Structure formats: C-alpha cells, structure tokens
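Some notes on the structure that comes next.
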There are 2 protein chains.
Amino acid sequence: MPAPRATTLRDVAEAAGVSIKTVSNVVNDHPHVRPEMRERVLAVIERLDYRPQAIGRQLRHGRTGMLALAVPQMDMPYFAELACNLVAAARSRGLTVLVEQTDGLAEREREVAAGFPVRIVDGLVFSPLNLPDAELAQRRDRTPVVLVGEHGRDTGIDRVSNDSVEIGRLATAHLLDCGRRRIGMIGTKLRSPHLVATDRHAGYRRALDDAGVPADPALLSPTDGWGREEGERSTDLLLEQAPDVDAVFAPNDVMALGALRSLRRHGRRVPDDVAVVGVDDIAEASYAAPTLSTVAIDRAFIAETALDLLIRRIGGDDSPPRTAIAPHRLVVRESTCG
Amino acid sequence: MPAPRATTLRDVAEAAGVSIKTVSNVVNDHPHVRPEMRERVLAVIERLDYRPQAIGRQLRHGRTGMLALAVPQMDMPYFAELACNLVAAARSRGLTVLVEQTDGLAEREREVAAGFPVRIVDGLVFSPLNLPDAELAQRRDRTPVVLVGEHGRDTGIDRVSNDSVEIGRLATAHLLDCGRRRIGMIGTKLRSPHLVATDRHAGYRRALDDAGVPADPALLSPTDGWGREEGERSTDLLLEQAPDVDAVFAPNDVMALGALRSLRRHGRRVPDDVAVVGVDDIAEASYAAPTLSTVAIDRAFIAETALDLLIRRIGGDDSPPRTAIAPHRLVVRESTCG
DNA sequence: ACGTTGTAATGCAACGTTGGAGACGCGTTG
DNA sequence: CAACGCGTCTCCAACGTTGCATTACAACGT
C-alpha cells in the first residue's frame, strides 16, 4: 500500500462542490468570497484536515521560505548556540532553517559555496573555515549568502563578523590588569591561515605592546584544530615551552576548557598560578571549574543581522556588500583575578 | 531590480536547441542519449550553471527529501550532538534536515505534532517533552513520525528510546560499588510527569533495593527544568535535606555539571566527599573538573535507527509500530571512585 | 520488400498552487 | 432600456520537473 496522499485543494474543492480556485481564495483570505461560501469551504477543510502544501506555493512563487545554515559542526557549542539563535530569529520571520555540516573540510565548504546540487533554499548563512577567500569570491551560484565569522573579508559578500583584534586585545589587557606578565596564547594556527586565531593573536600582541610587556615566541602554542582536545594539547606544549607562564589566552572557550584540564593535570592552580581567559561565553563557561572568564560575543546580534542582510538580498537588493560587527564584552569570572 | 531567476531546464533547452525533455534525460543519466548530444547539453549546462531545482522534482515526485528534527533546544549539548548525528546520517542517505525548536513548550510541541501549517517535510524526528501522550496518539497529520526519547510510549508511533530504568540502575549500582550508601538523586521532576526522570529514578530505586540499601525521601531533590542551573539548585537543596549525602545521581550530564558546581561551592570534594554520575556522555563530561563519570547512550544508533524507521514509513510501510532501544554503557571517570 | 527491433529524441500531461482574465447574475445609472 | 459597475465565482496558464506515449529513423532478419 502506497503512502497516503496528502489532501489537496482539489480534494477540498470536489468535496465542497466548488472550484479549486475558490478554495484557494478562502485559504488565502481573498476578498469577494461570500461568508456562507467561506463557511462551507472551511468546514470541508477542517473535515479533511487540509493543509496547504508548501511545494505548490513555492513553485508558484519561486521561493521556498527556507534558509540553509552551514557550519563546521553542530555539536560545537558556539555553533550550536548560534544555530539556536538563528532558528529562533528565522522563526520569528516565518522562515525555516535547514542545517548543513561541513566538518570544516574545504571540499564540503566548496560544495556549500557552489550551491546545493539541487536548489532548495532562498538563502544561505555560511560560516566557512578552510575555503580560500578567492574561491568564495568567485562563486557562480546566485543564491544570496551571508558569511558569519572572520573569513571571506574581501569577497564582496555580506558578512557579520566580530572585531577579533579588539577581542584579543581586550582579553589580553584583562590578564595584564590582573598583574600577569608571562601571558601565553594557545591555538595559534599552524597550517592554513586561520583568521580568527591570527586576528586574536594580533590583538594579543597589541595589548602586550601597549603595556610595554615583551612578547616571547615561546609563549605561543600552535594547533591545527579548534576543540577541547587541541586546547589541552596546545596548553601542554605551552607549559613545556614556557614553564613560567602565568596566564593563558585561548581564542575560544572550548580551547580554554581544554587548557583548564591541561593545567589541572600539571598541578597548576587556576587562577592562582595561571589565569585563563577564553572567547565566546558558551553556556559551559560559567559552569567550568573554575568558572571561565571570557569575552562574550553577541550571538543574537549575529543571528538577527545575518537574517536582515540575507532577506534584503533575497528581496533583490544589489547594493554594495556590507559588513556588520557584532558587539562583545568582557565577562570576568573565577579563572582570572580569582 | 528583481532577484535573478534561476536557470531552468527550459533555458538550457533553448540554448542548446533541443527539447526540455532531452536536457532532463541528460541530467538524469537516462539511456538513449547519444554521446555527442550529451556532450553538447552538458556544455550548455556548464556554461549556464544550470542546477536542477528541487522544487520541480519534489512537485513531480510528491516528496521533498527533507526531514524535520524537532527538539526542545538546539543548544542543549545532548540535542546538539544528536542533531549532529542525525544530520550526518541523513546526509549519507541523501536527505536534508530542517530544525525546529519547541523550547519544551507543550504549545509548540502541539504545533509540531499537528504538522507544520504548510507541508514541507517527508517525515519528522520528534523529541517531545511536555505534550501529553494522548495528544500524540490522536494526531491527525499523516506525515510519518519517529519519536526519540521516553515519551509517547503507547501512542502507536515508532520510537527510538533508551532503557532509562536500566540506565538509572547501572549508574546507581556503580555508586554503590564505589562504597557509597547515602546516594542522592537530583532532577526528579515535580510537576508534569517527566518520564526520563521517573524511569531513571525507578532504576535508582531498584539498585538500592537490590543492594539492600534503604531509600530515603530526603535523598531526592526535585526540579522543573533540566539544565545546568537546575542541576545546581537541585543539588543545593539536596545538600540541605541530606547533609550526609555521599553520592549524587543526576539524570543527565548537564545537571551533573550543575551538581559539580554546587558541591564545589559548598566545599565538598568530588569524588572524595561526594561522588557524581550523570547520563549522556556529552563532550563536556570528559572535560569537567573532575571529569564526569556517566552512562553513555549511543547517539549514532539513535540517529541511524530513527532514520531507518522513518524511511520505512515514508516508503509506505504500515506494519505495527516499533520501538528500538539504544545501547548504553557506563563510562567511569574521576567523579566516582576517583 | 516488409515487418521487427532498437535507439534517439520529442510531446504531452501531471504534480499543487495562485495570478489574472473571464463569465455570470444582479443592481444601479444615464 | 441599454450600459455599466460590482460582487462572486470559475477557467486558464504557469511555476520546473519527469513518466509515459509517441515519433523518426536506422539496422536487422525473414
């Protein structure tokens, strides 16, 4: 037995003894439908549990009312929370979000940038990680896109970013305020240039320079990845390179959590021996032991702004590309100045 | 200027001087297309960057190739990780996942159960929390559904669940093995019956009974919510009710993390003074301080099985409803038997 | 020579919906 | 009384795609 076919306008029309268009008119609250007719049709709609099928409308209108969100991984707290915000924001605008995971692989990101092999969505919110900007700039797909994050700076694509240099400076300045002088930074990326790390490192460097504190290459610890484990290993390495380190700046919170674990394993007390600060303010940050000082980035702003930009483009706006910068603020918890 | 219209089969056909159907045949790798013709059409497709529009296909086939995932919140690690697994599993089957958040509100869950106001998806993976089973059982929408979790037990709907009673027993038995006798449980739900908590409590009780350890109501601490904060507050309460508590069973990991924080605030050492065990094995569990013992549930199994069940139903299968039980296993870390 | 078989391409219809044009009846106006 | 306007409803076409039926033609066997 085949799957039961969904009720269509035609079914309702037949059952009510009117034309398909009349039913459509009732459904869409068109004027010029007599109240009694409306009643009759609505009764049949109720009886047959008719629900308009998006697909017909979409076909007619050329829009699907759906957006794609493409992020490296849904289970990274930052992206999970961003997705949460975006879904909520989209909902309030009557849009639906569909999720794609790239695993940060350039190949997958290329697919996403090139457009889905079949067209499904009206727009794309994309957080690329390893796709070269040049490829982004040259994409031929005409689906409107908004980039989220540091990448894609000069691609001529709308973008919602954050001021990573200032974030790095702020975090490091806070550590300096706490009286630290041997401040390490983990997660400075080794291979492909990772802009988030690069920029936050630039800010770190600026804070040191502003304070007249000498920079020391031994205080930098690179990694490839961007998760808890990499944070832990990167901190292991840092402790080896610079045993006298008294503070760690991690370019995101999960790495900072990894750092906490590494420090704990090495018997360093936080913040007494080593202070730690991260970036993102994920929920976990305020439940770590010790609770994690961090630079919070306004994710709701990112979600709302990305949607606004995207909706403009979907509406056919072809004004010059815009870049919005999400606000951030320092959140001091136990892991610094405890 | 209106949004640029996407390239269609018709455009390609005109540019190549062939019929629409021939282009379609090329795109779909139909036999009976001469190689030279195939070449010619492919060249035009390349030139115009034609990509099939899902919408036309969907209309033709009556399927959209999309599934909805409806969970309380994307930013709860358990659901984030489940979403991650589901998206990956769907991808490998050529399906796309669209995300809906209910915030655990009965009203929103009702909307989800009733079906989207417009039909978009072929099926639904649904994790209800507060919607009465009776309402689930009576849903009129014919979109295939698979429930994930404990709820909806006798609704005649396919379900992928876990053996929460056994999970509760296992976790508690582990605490008993560690020599604990005053084992508290937090997060036993107060208001609406929350099956996860109820079942895990039943298992907790069974383990105590099996070991001949007396149960004590003072060792139970209810909450309404299900997050870090509730875990913390619930533990505060537990410590007040039963100051001699020497172990805490939290029905999920985020609550266990809240418990860790409460214990730390109260100066109780974990696991020396109080052992803690959670459920889920979220990524965070192995990075908490101390690392969290927990009962891991096989999320990949849940995702794969849910998809299998759903795809059967979408294919028109109307065999009796099935329930699958995801495997689980105890993961011992520092927070117990440290 | 003629039918049969097979390949290659086209034409038509349908999926569910809605905009716009048209049909129809009724009351108002010049 | 014809012309017109208006409210109500129906009809047609189109959105992009593909299944099925059809056509055109070549190669083959009898």
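Because the structure is predicted, anything quoted here is derived from the model rather than measured. Protein chains get the first letters and strands the later ones, always in sequence-line order, with residue 1 at the start of each.
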Phosphate contact ([N] OP1 or OP2) by [X] side-chain N/O below 4.0 Å:
X       : N      : result
A/Arg63 : D/dC15 : no
A/Arg10 : C/dC15 : yes
A/His30 : C/dT18 : no
A/Ser24 : C/dT17 : no

Counting side-chain heavy atoms from C-beta on, which of [options] comes nearest to [X]?
X       : options                : answer
A/Arg34 : D/dT17, C/dG16, D/dT8  : D/dT8
A/His61 : C/dG19, D/dT17, D/dG7  : C/dG19
A/Thr22 : D/dG16, C/dT18, D/dT10 : D/dT10
A/Val18 : D/dT10, C/dT10, C/dT17 : D/dT10
B/Val33 : D/dC9, D/dG16, C/dA9   : C/dA9

Touch class at under 4.0 angstrom, heavy-atom based, for A/Ile55 against every strand present: nothing

Sugar-phosphate only, base, or nothing, as touched by B/Val27 at under 4.0 Å among non-hydrogen atoms: nothing

Distance-only donor-acceptor test (3.5 Å): side chain B/Arg60, base D/dT18: yes

Tell me the interatomic distance from [X], atom [atom1], to [N], atom [atom2], rounded to whole angstroms.
X        : N      : atom1 : atom2 : result
A/His32  : C/dG22 : NE2   : C1'   : 14 Å
A/Ile20  : C/dA14 : CD1   : C1'   : 12 Å
B/Asp29  : C/dA8  : CG    : P     : 14 Å
B/Gln58  : D/dG19 : CD    : C1'   : 18 Å
A/Asp11  : C/dT17 : CG    : C1'   : 13 Å
B/Gln53  : C/dT17 : CD    : P     : 19 Å
B/Tyr50  : D/dG16 : OH    : P     : 10 Å
A/Ile120 : D/dT17 : CD1   : C1'   : 15 Å

Could you list all N or O pairs between the protein and nucleotides 20-26 of chain D that sit under 3.5 Å apart?
unit_1: D/dC20; atom_1: N4; unit_2: B/Lys21; atom_2: NZ; d: 3.1

Nearest-nucleotide comparison on DNA chain C, the residue closer to the 5′ end among B/Leu59 and B/Glu36: B/Glu36

5′-ward residue of the pair A/Gly56/B/Ser19 relative to DNA chain C: B/Ser19

Enclosure of A/Arg10 CZ (heavy-atom neighbours >12, cutoff 6.0 Å): no

Over 12 foreign heavy atoms within 6.0 Å of CG, A/Asp49: yes

Strictly by modelled atom types, are [X] and [Y] linked by a side-chain donor-acceptor pair under 3.5 Å?
X        : Y        : answer
B/Thr7   : A/Arg142 : yes
A/Asp133 : A/Thr155 : no
A/Arg159 : A/Ser161 : yes

B/Arg91 and A/Glu111: CA distance, side-chain angles, deciding distance, salt bridge (Lys or Arg N to Asp or Glu O under 4.0 Å) verdict: CA-CA 13 Å; B/Arg91 184 190 157 82; A/Glu111 286 174 34; 3.7 Å; yes

Check ion pair B/Arg93-B/Glu304 (N to O, under 4.0 angstrom): yes

Criterion side chain to side chain contact (heavy atoms under 4.5 Å, CB included) against B/Leu129, the qualifying member of B/Glu109, B/Gln73, B/Arg108: B/Glu109

